[in-house]
Structure formats: C-alpha cells, structure tokens
2 protein chains.
Amino acid sequence: MTDAPRPPFEHPANALVLEIFRANGALIRLGDALVKPLGLTSARWQVLGAVAQGHGGLPVARIADNMGLTRQSVQRIVDELAEAELVGFAPNPAHKRAKLVVMTPRGQRLFQRASERWAPYADAIAAALDPRRLRSTTDNLATLRGFLDQTNDRSSE
Amino acid sequence: MTDAPRPPFEHPANALVLEIFRANGALIRLGDALVKPLGLTSARWQVLGAVAQGHGGLPVARIADNMGLTRQSVQRIVDELAEAELVGFAPNPAHKRAKLVVMTPRGQRLFQRASERWAPYADAIAAALDPRRLRSTTDNLATLRGFLDQTNDRSSE
DNA sequence: CGAGATTTGACAGCATCCTGTCGTTATGAC
DNA sequence: GTCATAACGACAGGATGCTGTCAAATCTCG
C-alpha cells in the first residue's frame, strides 16, 4: 500500500481550502434561493447589506474593500440596484466624482424583508455550531484571510 | 444605547459567512496568480486536481459532485483541458456516453508543477494555523456545509 | 503653488458558475 | 420484457467577478 499516488492532497491545508470552496458555493446557492422571491440575488443582497452598514453612505470603492471585491464588480451591482431604485447617490463633500451610495426607503424595506428571511437560517447555523466553535471558526478564517491578503498584496507589487 | 439600528449583522453566523466569502475570494486570487505562469487558472487547476484524485478516471458528473459544482461548469473546463491535451477520455464500461476523464502525461506533469508551486503556501497556512486549529476549522466548515447542502437539497424538492 | 502619486469611477473584454431544457443511456419496478 | 425514473452529456443564456485601460479628482510633498 505504499504505491498509491499521493499528490499533496493529503496536506491538511488542502482539506481546509476545499471546504472553503464548497461552503462558499453552498452559501451562494442558499442565498440565491432565499432572496429570489424578493427579486434579489446573493450578490445584490450582499451589496445592499454593505450599503446598509455604511449608514452615512459610502463610495463604491469603500464598499468593495469591505467586501473583499474589486471596484468594478461592486460598481456594476450598485448601478443595477440604483436602476431598481433600491439605492441612490448622495453628493460626497470630500470628492466630486465619488458619490456616496445610500439606501432608498424602498431598499431599506427590501433589505429588512431579506433579513427576516435569513434570520432562521442564521439561527440554525448557530445551532449547528455552538458559539465557541462559531467564533473560533470565524477567527481562524480571519487569520487565514490575513495571510492570504498579505500574500496577494505582496505579489502585486 | 438601545437605539442603534441593528440589522442582523450582529449575528455571529453572519460574521462567519462574510469571512467565508472573503477567504474564498482571496484563495481564488492567490491560486490564479500562482498557476498563471503555467498557463492555468484556479478553476482549471482545481478540476485537474479532481481528475488526479480519481485515479481510475471519473465521469464529469462525479467530478462535479466531488467539487460541489454543477455538471455544466465542470464540463466546460474539462473540454478546455482536453483541448489543451491535459486530460483525455477513456471509454466507460458502465456507460456508453459518460466517458471517463483521465489525466494525460502532459496533464500529470503540469499538475505536478502546480503542486510544487503550491506546497510552500500550504505549509505557510499550516504554520499560521496550528494543526489543531486547522483541523477544527475544516471540521466546522464541513459541519456547516452539511447543513447547507441539506437545506439546499430540501428546497429543490 | 505645482508635479507626481493615489484614489475613484467608467468602459471593454474575459473567465467562471449558474439555471433551464433537451436527447441519450442505464437502472429499477412491475 | 416493458415502461417510468434517474443519471449523464450537450446546448443556450444569464449573473458574477476579474483584469486592463483611461480619465477625473484628490492628496502628498518639495
């Protein structure tokens, strides 16, 4: 049994990476199904959430940084959300072109409804992973992401 | 302090979900940069890895299941890999149309080179997260994914 | 105050993954 | 043995995210 070809799949880090990919996919699928009846998608819901967090309004580039995405990806979603009148643009006193993205009342109502739909699932996740595991998993992923971001930044220099 | 608008962002599960999204994005970016000099992308590398694991050859649908993706996504990548002669198709004794995807020698060599490039990063991850954390994080994500897959399957019935 | 660097938005093109639908092939119930 | 079901591949279309490039606005520093 020493002849089994053993590519570095045995490495513990690889198992983690594969689980992250699978969890990411499963979360997006769940999110899409969850907000589809509201006319939303996972991506739009996420951007809406990021806008909701920036109470005073944030430029697109800031939202992208918060989400770990590029400006272009977020810009496209924001434009679509603006088209649907779920978000609007407020003048930015600190930058003429970089207008602030703010929620419209309609956007707030829709986001509220999405949040209500999500709540039971969030609770179920918290039930499947007790508070200690939930927190340690989050912390460990944050540690991993810190390393990855650092590595990515370094290679782009 | 009871008036702060508090959408369910405070929920511990949400912090975990956001970290999974960010980690996923960072991993794909790192993977793309890592195998770009080899003429590969993250997705092709991943599919190549899945083919490498199925030593005897697997039909596309099986590979997709293993990766948590749809058949169509994997099929397109496999076709491109076949075009580049990195994988080939072997007849499937159990199914006339569902041919088995197998590595070509060239694919094996390329995957080997990608693995060698990845190894230092895998080690670095294992260094940033000690074995116990690495394993518990992987296990907890697997638990989460079990719940998510179950929920997704249920809603598609 | 002025030149270069940085940040931000706009536009174009591409890679990846999804859903929906159809025809072919295997499998299982009867 | 036959028919319904499931599994698999093929094809079309849409959604999301990325890179590359350029212009406008701001900031930094001498």
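Convention: sequence-line order gives letters A, B, ...; per-chain numbering from 1. When reading the values below, keep in mind they use all heavy atoms of this one structure, side chains included, and skip hydrogens, waters and symmetry mates.
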Checking all strands, does A:Arg76 fall into the base, sugar-phosphate, or nothing category for heavy-atom contacts under 4.0 angstrom? base

Can you list everything that forms a side-chain hydrogen bond (donor to acceptor under 3.5 Å, both in side chains) with A:Asp32? Sequence neighbours excluded, please. A:Ser42

Tell me whether the rings of B:Tyr121 and A:Phe147 are parallel (<30°), tilted (30 to 60°) or perpendicular (>60°). tilted

Could you work out how much the helix from C:dC1-D:dG30 to C:dC30-D:dG1 bends, comparing the axis of its first five pairs with that of its last five, to 10°? 40°

Please collect all salt bridge (charged side-chain N to carboxylate O under 4.0 Å, His left out) contacts where either partner lies in residues 52-70 of chain A, sequence neighbours excluded, each pair once. none

Closest-nucleotide 5' rank along DNA chain D - winner of A:Ser42 and B:Asp65: B:Asp65

Between the protein and nucleotides 21-23 of chain C, list the N/O to N/O atom pairs that are separated by less than 3.5 angstrom.
unit_1, atom_1, unit_2, atom_2, d
C:dG23, N2, B:Arg97, NH1, 2.8

Distance-only criterion, 3.5 Å: show the donor-acceptor pairs between side-chain atoms of residues 91-102 of chain B and protein atoms not counting sequence neighbours.
unit_1, atom_1, unit_2, atom_2, d
B:Asn92, OD1, B:Ala94, N, 2.9
B:Asn92, ND2, B:Ala98, O, 2.9
B:His95, ND1, B:Arg97, N, 3.2
B:His95, ND1, B:Ala98, N, 3.1

Partner residues of A:Arg135 under the side chain to side chain contact (heavy atoms under 4.5 Å, CB included) criterion, sequence neighbours left out: A:Asp139

Does B:Val60 reach a base, just sugar-phosphate, or nothing at all? Heavy atoms under 4.0 Å. sugar-phosphate

N or O in side chain of B:Gln75 less than 4.0 angstrom from D:dA10 OP1/OP2: yes

Residues which pass side-chain hydrogen bond (donor to acceptor under 3.5 Å, both in side chains) with B:Gln75, listed by chain and number, not counting sequence neighbours: B:Asp79

Holding to side-chain hydrogen bond (donor to acceptor under 3.5 Å, both in side chains), I want the full list of residues that pass it with A:Thr70, two or more places apart in sequence or in another chain. A:Ser73

List in chain and number order the residues that pass side-chain hydrogen bond (donor to acceptor under 3.5 Å, both in side chains) with B:Arg145, two or more places apart in sequence or in another chain; answer none if no residue qualifies. A:Glu19, B:Asp149

